[in-house]
Amino acid sequence: MAYGSFAISSKALVFCRPCYGSIRDLPFSLRTPTIGRCGCVGAIAAPRNLVKPRKEESSGKDIRGGRKSKDKTTPWKKLDANEFGIQRSMIPESTRMVLNKLRKKGFQVYLVGGCVRDLILDRIPKDFDVITSAELKEVRQVFPRCQIVGRRFPICHVYVDDIIIEVSSFSTSARTGKAPNKNFRKPVGCNERDYIRWKNCLQRDFTVNGLMFDPLENVVYDYIGGVEDIKNSKVRTVSAAKLSFIEDKARILRAIRIAARLGFSLTKDVAVSVKELSSSLLRLDPVYLSFFSLVLLLLVRFGLNIFSRLLQSRVQMEINYMLAYGSAEASLRLLWRFGLMEILLPIQASYFVSQGFKRRDGRSNMLLSMFRNLDRLVAPDRPCAELLWIGILAFHKALVDQPRDHTVVASYCLAIYSDISLSEAMEIAKSNTKQHNSNFQELSAQDKDIAGSKLSQQVMSLAESVKSAAKNMHDRDYLANAMSKYPQAPSSDMVFMSRPLLERVQRMFGSVRRKGDGERGVPSLDRRINYKSLALGDFHETRRVFARIVFDTVYPPKI
């Protein structure tokens, strides 16, 4: 009997009661989408149906559902979390510790934002954000090691082992956030606490992110129609879409990210505004972190991948959220559909043009197939570092520029997967009997006479091509000319990748060892992934996962 489920992409793996209980007790970072101990994964289940919420207070029909209210008062709801199947055990121990400590000091504490949305949808949240009635300086008194970051919207980073819990304050939000729209009136029946929560929700970006959950009372607060939009699978801005995107251009990318991850659709005004304001992404401000926060993060994260984050732009951060957390294929399709790929990834947009891809094309190609295979290995609580998806983009670009025999591709991947010598990798690749996907134009016709020395030269040439492709992704002139065959597209020379990150990508994917003293024999591509190392950008783990993705793409498993 299926008892519980954990979200994997847009669906969920179903476990029996014993296995579900044993996995539920694990920290989020250690859960893996594998079969249960008794092999009970036998079905794929969609997220459970949402129950109809109980209305606590209401003032007429919802402004989105029927007649329009002149004062635009949205009926607000106080919902029993049990109706959604939300339990306190679904909250990680690190987050519960932060909530309990603040509550013991007499402060109000809530979970807020996307984590509440994901819990309602029976999905594993990417992270858990906390909001409290405490001032940020009072939060720092409770957690001496925490740091206040951000200038415009300051929050506290509370460090629990190697996990960062973001804690914001109602008072800070009230001082730094925008004033509530005069067209919105205080909902009927709001007491003082409700009014504070309501004002904070009005400052959120999307209605589905404007929910609050009180774990102590087991209550979900919905002041702006977020639950209704979740039921209707809609991405809707809290304020008018165009004004919301002008206020914060990054919301354009967040709308795409949410729609891709949840399988939601954009409301008409959001879709129109995304297309109209797409070019404004070229003027996004960079993210700056304080020096002290960087040093502390360096100590917490053991230094891995930290220097590339120093110059990280908001665009890189948003693209990483799209491609590294299990919804890469859907994100790329939506970026193409709404004309954003030409601005963010012009090299890949030119590839879509060359493939004759329509905006709503349901077909696939090699690039989408590789990211589909990436999505099968990562999830919101098991992400990869930027190195992996940038490496995939660079590798694919190298094959587009010069198609290669599938044996060359296999030899290259085996060499970087297991650190065996190139000669050993070539021998294993040539003995491979699996049927490759012959539909990809990036794979040239098989060369039956390819000799050892010729094969070795082509593998080394592919390695150099990957380095060159990565460099082109950092070249403004190259990016600006990428869409030259498509003059209707907007011109973009956006470089989202920092120089240190480029160098890491080139060093990781652009070379193979002619001699090696690593593993011998045929390496197993089904090796268990170390997700902590993958998220931190560990070279060996990232190369292993990369090789696995390419193999699953070039040699698709038989179903």
Side-chain angles (χ1 to χ4, degrees), residues 3-9 12-13 15 19-34 36 47-48 81-82 84-105 107-132 134 139 142-143 145-147 149 155-168 209 211-220 261-262 296-297 300-302 321 324-327 378-385 529-536:
Y3 174 67
S5 62
F6 292 108
I8 304 298
S9 194
L13 292 173
F15 296 85
C19 292
Y20 178 80
S22 64
I23 295 173
R24 175 67 80 183
D25 292 336
L26 291 174
F28 273 74
S29 59
L30 297 181
R31 294 179 187 165
T32 56
T34 57
R48 59 173 173 258
N82 290 324
F84 302 117
I86 300 177
Q87 301 175 1
R88 294 184 183 91
S89 60
M90 300 167 75
I91 305 172
E93 183 179 352
S94 56
T95 305
R96 291 204 303 269
M97 185 273 288
V98 173
L99 292 168
N100 292 336
K101 279 196 172 184
L102 288 171
R103 188 180 293 117
K104 286 180 181 179
K105 294 295 183 179
F107 301 115
Q108 302 170 46
V109 285
Y110 307 90
L111 292 178
V112 65
C115 64
V116 184
R117 173 202 70 209
D118 290 343
L119 290 175
I120 289 175
L121 288 169
D122 196 22
R123 292 172 173 269
I124 299 177
K126 178 174 66 68
D127 46 34
F128 288 79
D129 294 336
V130 176
I131 190 167
T132 178
V139 175
V142 178
F143 304 98
R145 289 184 62 238
C146 82
Q147 291 298 318
V149 299
I155 60 174
C156 270
H157 278 178
V158 178
Y159 298 91
V160 182
D161 296 328
D162 61 345
I163 300 173
I164 298 177
I165 309 296
E166 291 189 357
V167 180
S168 58
N209 290 343
L211 301 167
M212 290 188 187
F213 172 46
D214 184 342
L216 180 64
E217 300 294 333
N218 213 32
V219 168
V220 173
R261 184 173 297 175
L262 303 180
L296 186 58
L297 189 58
V300 172
R301 297 287 185 173
F302 306 106
Y321 285 149
Y325 288 82
S327 57
V378 298
D381 64 320
R382 302 185 314 278
C384 64
I529 297 172
N530 184 328
Y531 281 101
K532 184 174 181 179
S533 297
L534 183 65
L536 292 175

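No hydrogens, no waters, no symmetry mates; every other heavy atom, side chains included, goes into these values. Position 1 is the first residue of the sequence; numbering continues from there.
Here the closest non-hydrogen pair linking Ala324 and Val378 is O-CG2, 3.8 Å. The shortest non-hydrogen separation linking Gln108 to Thr132 is O-OG1, 2.8 Å. Smallest separation of non-hydrogen atoms from Val130 and Val112: C-CG1, 4.4 Å. Between Pro380 and Pro125, the shortest heavy-atom contact is CB-C, 4.3 Å. Taking all atoms of both residues into account, the shortest heavy-atom contact from Leu536 to Ala385 is C-CB, 4.4 Å. Across all their heavy atoms, Asn209 and Arg117 have their closest contact at OD1-NH1, 2.7 Å.
Summarising the geometry, atom SG belonging to Cys115 is positioned 13.5 Å from atom CD1 belonging to Ile124; distances are rounded to the nearest 0.5 Å. Atom-to-atom distance recorded for Leu102:CG and Ile131:CD1 is 12.0 Å, nearest 0.5 angstrom. Note: Phe143 CZ to His157 NE2 = 14.0 Å, rounded to the nearest 0.5 Å. Note that CZ of Arg123 and CG of Asp381 are 12.0 Å apart. Values are rounded to the nearest 0.5 Å. Note: Asp122 CG to Phe84 CZ = 12.5 Å, rounded to the nearest 0.5 Å. In this structure, SG in Cys156 is found 12.0 Å from CD1 in Ile164, a value given to the nearest 0.5 Å.
Residues Met97 and Ile165 fail the side-chain proximity criterion, which asks for heavy atoms closer than 4.5 Å. Leu119 has its side chain within reach of Phe128: a pair of non-hydrogen atoms, C-beta onward, lies under 4.5 Å apart. Two residues are said to be in side-chain contact when any heavy atoms from C-beta on lie closer than 4.5 Å; Ile163 and Thr95 fail this criterion. Val167 is not listed as a side-chain neighbour of Cys146, based on a closest heavy-atom distance of 4.5 Å or more.
The 12-atom threshold is not exceeded at NZ of Lys101, counting heavy atoms of other residues, nucleotides or ligands nearer than 6.0 Å.
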(message) For Leu262 and Asp118: C-alpha separation, side-chain torsions, deciding distance, then whether side-chain contact (heavy atoms from CB on, under 4.5 Å) applies.
(response) CA-CA 9 Å; Leu262 303 180; Asp118 290 343; 3.9 Å; yes
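For Asp127, the side-chain contact (heavy atoms from CB on, under 4.5 Å) criterion is met by Asp129, not counting sequence neighbours. Asp214 is linked by a side chain to side chain donor-acceptor pair (under 3.5 Å) to nothing, counting only residues two or more places apart in sequence or in another chain. Applying the side-chain contact (heavy atoms from CB on, under 4.5 Å) criterion to Asn218, with sequence neighbours excluded, gives Asp80, Ala81, Asn82, Arg88, Phe213.
Under a 3.5 Å cut-off, the side chain of Arg103 and the backbone N or O of Val109 do not form any donor-acceptor pair.
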